[in-house]
Amino acid sequence: MAGLRLGPLLRYVDWDRGACATVWVETDRPCTAEVRCADGAAGSVRTFQIAGHHYALVPVTGLTPGTTTTYEVLLDGVRVWPLSGSGFPSSTITMPAVTGPGRAAPELRLTFGSCRQAAPPAGRRGPHGPDALDTLAARLAAEPEAVRPDVLLLLGDQVYADQLSRETRRWLAARRDLREAPGAQVADYEEYTRLYYESWLDPEIRWLLSTVPSLQIFDDHDVVDDWNTSEAWLAGMRATPWWRERVLSGLMSYWVYQHLGNLSPAELAADELYGAVRASPDGTEALRAFAARADADPGSVRWSYRRDFGRSRLLMVDTRAARVLAEDGRAMLDPAEHQWLRENALAGHGGYDHLLIGSSLPWLMPPLIHDAEVWNAALCRGERGPRWARIGEDLRRRADLEHWAAFPGSFAALSDLIEEVGTGPRAPASVMVLSGDVHHAYVAEPRIPSTSRVFQLTCSPVHNSIHLAVKWGFRLGWSRVGRWLGRAFSRHGRTGRPPLSWRRTGGPWFGNQLMTLALAGRTARLWLDQARSGGSGARLVTVLERRLTEPE
């Protein structure tokens, strides 16, 4: 009898017609995976195989707009979800109401964050404090009538391939000799599956992901710290005996566990690789060839995607694999990727109220850090000679100087695009860049002559921590002293002033946390909730509640 290894994860939910959804599962053998809803909606599909593992992305059709229905999962006709005696409420699929003339668009509640190391097993305290996503799940499970997010936006570092838990290191040691490279880091596809099991079999997380749709994108730790920092970094990694298997396995597992669920049923139907994998008894080689092509020629693959939620548009941008690393042409996004971003930001301009740009890396950083990254980029491309270029490359890797500011042309291009979208009578009410990565949270606003309100909203980590010295470094980065030091970097690097200025209007906040946006019409509201320990267990504490745009 087939069993459920992982999932279900509720992934895509249709906001256009309110008729379909997708549910992802991993099973322990080939079978037919089926989803049955209490209202009669259903779907079924045969599993596909990758590296001895079996998966299905079940399309569920016949859902009714404006309703919530419970569902169950069956494998070869036998019910395997919900789990017997789990204690959690039934998993549900909520469909938004269909909008039309004279009807207000439903409110979108989008909760986002990044950087989640797996919570420790029950009964053991970990080094990072309470997990914000676990704490959210516990609250929603205890209060079934509480308002839930309409979607979870997970902005990178869903798994840590290079920073493993004690339990996973022990598992690896039983599998291979950790004295050989890459040591206590994942080496292949099978070891990547272990990371997802550890993270997504957490009972609270498993229930939460089964009932709240999620959208995901990778960041560096999904492959390795500082992934694609520079051309020299990549050359050094490719010279190691273990890198090729690591990066191919990272891209393969990301495609299976994260990327597929970001796509709509129509996009899945048009995806040649997905069709080939499903049509083959074993799709491993087809997927491996795809990953090899993606690694050798990043421009041949697009990991970015667009989702429209009523009159709110999300553009999730790949800021890792789509980079151009040559020092004489460094770019955060290759030309095709930037054109995709531009076209989707301007398509139907005036037809949406809010534009959300999902970028794992912040666009607007503390000014000192921004200036240091621009200075470092100038050194590395030789503005102060070969000796300073070598120093700059070493600093870039040691200090993680690889955000948007480290790609000055891309920073300016994104700034220009945001100003273009946000200016004029057809401008949306807001343009917001949603980011994580930097293990703290803040709100920043640029000084640009736009019609829209423009924000950098940064929220991280979901479950991780930050060294005290780095914490004080971020505080210094926003200070007057930090701005003065930043100008000194600019003078030495001959970089001039940034193409725009900005100010921090909230934070910084440190701790495990989640941000939530509520978008209704042209109104936007923001919450920041932190997970804090207490006598009766962890709880979410709201530390910020703010209206970002006013109703018109």
**Q** Under a plain distance cut-off of 3.5 Å, with no hydrogens placed, do T27 and H54 share a side-chain donor-acceptor pair?
**A** no
**Q** Using the test side-chain hydrogen bond (donor to acceptor under 3.5 Å, both in side chains), find all partners of D39 that sit at least two apart in sequence or belong to another chain.
**A** none
**Q** Do T32 and V45 come close enough that some side-chain heavy atom pair is under 4.5 Å?
**A** no
**Q** Before accepting this row, confirm whether a basic side-chain N of the pair R5/D28 lies closer than 4.0 Å to the acidic partner's carboxylate O.
**A** no
**Q** Could you check whether any side-chain heavy atom of I93 comes within less than 4.5 Å of a side-chain heavy atom of T68, counting everything from C-beta outward?
**A** no
**Q** Between R525 and E107, is there a side-chain N and carboxylate O pair less than 4.0 Å apart?
**A** yes
**Q** Can you tell whether the side chains of E191 and R176 come within less than 4.0 Å, N to carboxylate O?
**A** yes
**Q** Can you confirm whether R244 is buried at CZ, in the sense that more than 12 heavy atoms of other residues, nucleotides or ligands lie under 6.0 Å from that atom?
**A** no
**Q** So Q258 and D222, side-chain hydrogen bond (donor to acceptor under 3.5 Å, both in side chains) or not? Walk me through it.
**A** CA-CA 11 Å; Q258 298 190 50; D222 292 82; 3.2 Å; yes
**Q** Using the test ring-ring contact (aromatic ring centres under 6.0 Å, His included), find all partners of Y160 that sit at least two apart in sequence or belong to another chain.
**A** H221
**Q** May I ask you to test the V13-T22 pair for a side-chain heavy-atom distance under 4.5 Å?
**A** no
**Q** With sequence neighbours excluded, what pairs up with Y196 under the ring-ring contact (aromatic ring centres under 6.0 Å, His included) test?
**A** W200, Y257
**Q** Would you indicate whether the side-chain heavy atoms of T64 and M95 approach each other to under 4.5 Å?
**A** no
**Q** How far apart are the closest heavy atoms of A118 and S199, and which atoms are they?
**A** CB-CA, 4.0 Å
**Q** Looking only at non-hydrogen atoms, find the nearest pair between P130 and A531 and report the distance.
**A** CG-O, 3.6 Å
**Q** Answer yes if the side chains of S165 and Q117 hold a donor-acceptor pair under 3.5 Å, and no otherwise.
**A** no
**Q** What I want to check is whether the side chains of T458 and S435 have a donor and an acceptor closer together than 3.5 Å.
**A** no
**Q** Considering only heavy atoms from C-beta outward, does the side chain of W303 approach that of H259 to under 4.5 Å?
**A** yes
**Q** What closest approach, in Å, do H349 and V421 show between heavy atoms, and which atom pair accounts for it?
**A** NE2-O, 2.7 Å
**Q** When you compare the side chains of T516 and R109, does any donor N or O come within less than 3.5 Å of an acceptor on the partner?
**A** no
**Q** How far apart are the closest heavy atoms of R246 and Q185, and which atoms are they?
**A** NH2-OE1, 2.8 Å
**Q** Would a 4.5 Å heavy-atom cut-off, applied to side chains only, mark E34 and L75 as touching?
**A** no
**Q** Between R116 and D131, does any NZ, NE, NH1 or NH2 come within less than 4.0 Å of an OD or OE carboxylate oxygen?
**A** yes
**Q** Show your reasoning for whether side chain to side chain contact (heavy atoms under 4.5 Å, CB included) applies to Y55 and H53.
**A** CA-CA 7 Å; Y55 309 95; H53 294 256; 3.2 Å; yes
**Q** Side chains of W340 and S304: is there a donor and an acceptor less than 3.5 Å apart?
**A** no
**Q** Does the pair D220/R320 count as a salt bridge with the N-to-O cut at 4.0 Å?
**A** yes
**Q** Establish, yes or no, whether the cationic atom of R166 lies under 6.0 Å from the six-membered ring centre of W171 and within 45° of the ring axis.
**A** no
**Q** Counting C-beta onward and ignoring hydrogens, is there a side-chain heavy-atom pair between V433 and F455 closer than 4.5 Å?
**A** no
**Q** Hey, is R206 close enough to E204 for a salt bridge, meaning N to O under 4.0 Å?
**A** no
**Q** Taking 4.0 angstrom as the limit, do D295 and R238 come out as a salt bridge?
**A** yes
**Q** Do V80 and V25 come within less than 4.5 Å of each other through their side chains, counting heavy atoms only?
**A** no
**Q** Check R175 with E190, please: is the shortest side-chain N to carboxylate O separation under 4.0 Å?
**A** no
**Q** Check D318 against L333 and note the closest heavy-atom contact, atom names and distance.
**A** O-CD2, 3.2 Å
**Q** Hey, mind stepping through L155 and D437 against side chain to side chain contact (heavy atoms under 4.5 Å, CB included) and telling me if it holds?
**A** CA-CA 8 Å; L155 288 165; D437 179 70; over 6 Å; no
**Q** Do the side chain of R323 and the main chain of D334 share a donor and acceptor less than 3.5 angstrom apart?
**A** no
**Q** Establish, for the pair R330 and F407, whether the NZ or CZ atom is under 6.0 angstrom from the six-membered ring centre and no further than 45 degrees off its axis.
**A** yes
